[in-house]
Each structure stands twice: as structure tokens, then as C-alpha cells.
Protein chains: 2
Amino acid sequence: MGNRDRIVDAAIELMNKNGCVVGTTQLVEHLSISPGNLYYHFRNREEILVEVLSRLTSDLDAVLKVKPYETPIASWLASIFIGGAQVLRQYRFFFSSSLELVMKDERLADQYRNFTARGIKQVDAILKRVLANAAGQLRLTAAERGRLAENMWVLWTSWPRYIEIVAGAGNVEKEILRNHEYLEFLLRPYLDPKFFKAVVTHVRKLQRLDNQTWGVMR
Amino acid sequence: MGNRDRIVDAAIELMNKNGCVVGTTQLVEHLSISPGNLYYHFRNREEILVEVLSRLTSDLDAVLKVKPYETPIASWLASIFIGGAQVLRQYRFFFSSSLELVMKDERLADQYRNFTARGIKQVDAILKRVLANAAGQLRLTAAERGRLAENMWVLWTSWPRYIEIVAGAGNVEKEILRNHEYLEFLLRPYLDPKFFKAVVTHVRKLQRLDNQTWGVMR
DNA sequence: GTCTATACGCCGATAGAC
DNA sequence: GTCTATCGGCGTATAGAC
């Protein structure tokens, strides 16, 4: 693996551990490479983060993609909840500190705004699909559904920050995955109760699976 | 007014404008005082922020206080929505950057955790009062009400960050006050529809009032 | 592609006079 | 309480050899 990728990996790893203040100095120390080498691969610090955000975007895309003829909607929705939480865990520093990271660089800010707009649109599309198949008593207009999507997005992206504050530093990775419970709660009033239960069952299954694999990975 | 208070005021003002990266240097320049003077009043930068958070806490307390025999619940709830949004506007840098500000100092972190726990508890108490008087069809257990309170808190505290990203820098103060719409939406499924409408009406009135006074103040 | 060496600026903080 | 002067450290970024 080339140093370019190693730098991006190290940025994600160290920033998850120590926050977004991690600088190029710490990066090169951790990798035992020279500052010159880092600046050969990247014009500046922000360019590393552009790369991180690109990775994040495509990882999230894979989770939120509305598959054309997906039949079992409940398990699909469950996979989105858990997949979403996994993305939060993997890039938590980015969500925790998005503003600080992004404000310094106009290009990065644009990229992040696109990421946001795109994400909310994808969530809305998912909601549309889900509600078409399993709506509850309470109905939503398209505008209200949009607001729900926005609320879910804000809650999702803000979750790592919140957890980092209330949980001790050691519990972040465990607690962060409970994000789905809060999103489920937002959605619940608008879903058919039986469908909701089915989703929760699927989520539990997926979460057990994650516990196993995540435990092994580290 | 003594320099101590002027320093805290300047910190709030400049950090709202330029983000939490504003340092002691910029502070003393803006106030035309010397670095020595600042460090006479405060041991270090964090101590200024402790003072800011104290102010924020008592300002929010005034908004969230459950008044013992408040009769018109709808207008009271409306005043909480708008008062809450005003607090967001006034201290937005703090919410935008809480993590970065707080992580550097253990004392500040503790203070912020207290602020959070206390806030969620207050919101829950408000919900309890409101739901006892104007619940809708959908009922909540105490645990579910707690989750709703937590969701509302996260959404509220995360709002300035979100707005700062999606809105251009110039529109932040205007957009930030729309926070109440999103909180109302969270609460709506659990409220009596007639009551909800009454709240919205009161909110509109208060918001017009804020527009006038806020316009004059600046 | 990778290294060594280094310039430059900014910021937090202190010493000590008035 | 307020000032002037200054130190030390850190972080980004560059020049130029290998």
C-alpha cells in the first residue's frame, strides 16, 4: 500500500482517537515518514480531508442506495439503520468536527454541503419507498416527509458528537451504534406497527452480527 | 463595566462571528487591552469559556423553568420554543463547537455534561406537563417520553451547526430561529391536534415580536 | 518517492514596571 | 488593574539533496 493511502488511513484513525486537531506533524510521526513526503502526496492538510470525505461519501452511498426491486422492505430498512450506524462509527471524528474541518477551506465546505444535500435526498427517497409500503395511521404530506428526512439526517450526523460528550471516551464505539434506536423512534409514529416490529427484529439480528465481527476485527 | 465582563462579551461576539478558534490575541486586540490584562482577569482561555457556559446555563434555565401554576399551557410551550431558539442564536458558536471547546479542559467538560443532563431533565419535565394536559391519540411510556426529550435536546443543540453548514454565513441568524418548526414536528404525533394548532399560533405571534425587537437591537 | 533541515507565523502564557 | 516586552512551543509548509 502506497504512502498516500496510508496517510488517509492514519488521519481517520488518529482523528477518531484524538479529535480533529490532529496535525500533519502527528501524522508523519505516527507513520514514521517525513513531512516532505506527506507534502509530496498532498498539497496541504485540507486535501487529506477531501480524500476522507470522498471515502465517506461512497461508503454512505452503498448503505443508502435504493435498490430497484428490493422485496423485503423491513430487512432492507434494518440494514440501513445498522449500516448507517457503522458509518458513523468509522468516521465519527468527521461528524463530530465537521464544522471546524470544513470552515477553513471553501472547496471542502462545498463538498460537505453536497454531501448533506445528497444524503437528505437519499433518506427522503427511502422514506418514500417505506411509507408507500408500510404506512401507519398518521399520514405525511411530501413536505412533511421532507422535514422528517431532514430531522433524521441532523439527528444521525449529530449523534457522534452527542455520544462523545455524554459517554466516557472509552464507551464511544459501543454507544454510537445505538443510534438506530433514536432514528426508529422518529419514524415509528408513521409506520404500521407490525412492520415496525419486523424492522426491530431484523435490526437486533444485524446488531448481533456486528458485535461479533467488530469484536474480531480489533 | 469592568474589563472582566467586557472580555466575556467579546468572546461571545467574536466567536459567534469567527468560530471557536478565536484566541486571546484577537480578544485583546478587539478590546484594545493588553494580553497581561486579560491574564490578570482569567487564568487561561478555558476560564473565559467557563464563564460563558455559566451565563448560557442560567439564560436557558430562565426559558425552561417549569412555572408552578402556569395556566395557559399552549402559550407557555410556545414561549419555550421561541426562547430556546433565541438562546441558540445568542450562543450559537458554543453549540456549534461545544466538543472542541470542551474537550481541552476536564473542568469544562464536566460543566458541559451537567448542562446536558440538566437540560434533558428539564425538557422531560416540560413534556410531562404538556402531555398530561394535551396528549393526542398516541401515548408514550415514561421511557419513551425520555427518549423524545433526548431527541429534542440533540436536535436543538445541533441546530446551529447544521444551519451554519447549509445556510450561507449571512443567513445564519435568520435561519437559526426556524428551529422551533423542527421541534414542533417531533412533538406533533403525541399532541392533541387542536392544542398543537394553538401552540403554532402563539409561536407565530412571538416570532413576529422577535423580528421587531431583534431588528431594532442591531 | 522519500529524505533532512529549516523558515515562518501564531498563540498561549509570564515577568515585572507603573 | 493595566501596561510593555518577551519567551517557548507547535503547526504548516517549503527547499533541495538523494
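Every value quoted in this text rests on a predicted model; they were computed, and no experiment measured them. Naming: A, B, ... by sequence-line order, numbering from 1 per chain.
Using a cut-off of 4.0 Å between Lys/Arg side-chain N and Asp/Glu carboxylate O, A/Asp110 and A/Arg107 are scored as not salt-bridged. Ionic pairing of A/Arg55 and A/Asp9 is present here: one or more N-O contacts between side-chain nitrogen and carboxylate oxygen are shorter than 4.0 angstrom. Taking a cutoff of 4.0 Å between a charged side-chain nitrogen and a carboxylate oxygen, A/Glu144 and A/Arg147 do not qualify as a salt bridge.
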Run the numbers on B/Asp61 and B/Arg118 for salt bridge (Lys or Arg N to Asp or Glu O under 4.0 Å), then give the verdict. CA-CA 9 Å; B/Asp61 267 358; B/Arg118 182 191 177 82; 2.5 Å; yes

Evaluate A/Trp214 against A/Arg89 for side-chain contact (heavy atoms from CB on, under 4.5 Å), listing each step before the verdict. CA-CA 11 Å; A/Trp214 183 250; A/Arg89 183 175 56 193; 3.4 Å; yes

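Using bins of under 30°, 30° to 60° and over 60° for the plane-to-plane angle, the ring pair A/Tyr112/A/Phe94 lands in the tilted bin.
For DNA chain C, the span of nucleotides reached by chain B at under 4.0 Å from its heavy atoms goes, 5' to 3', from C/dC11 to C/dT14.
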Could you pull out the protein-nucleic contacts involving nucleotides 10-14 of chain D (nitrogen or oxygen on both sides, under 3.5 Å)?
from, atom 1, to, atom 2, distance (Å)
D/dT12, OP1, A/Arg45, NE, 3.3
D/dT12, OP2, A/Thr24, N, 2.8
D/dT12, OP2, A/Thr24, OG1, 2.6
D/dA13, OP2, A/Tyr39, OH, 3.0
D/dA13, OP2, A/Arg45, N, 3.2

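A/Gln26 and A/Asn18 share no side-chain donor-acceptor pair at under 3.5 Å.
For the helix from C/dG1-D/dC18 to C/dC18-D/dG1, the angle separating the two terminal helix axes comes to 0°, with each axis derived from five pairs and the value rounded to 10°.
A ring-centre distance under 6.0 Å is found for A/Phe115 and A/Trp153. Taking the centre of each ring, B/Tyr182 and B/Trp159 come in below the 6.0 Å mark.
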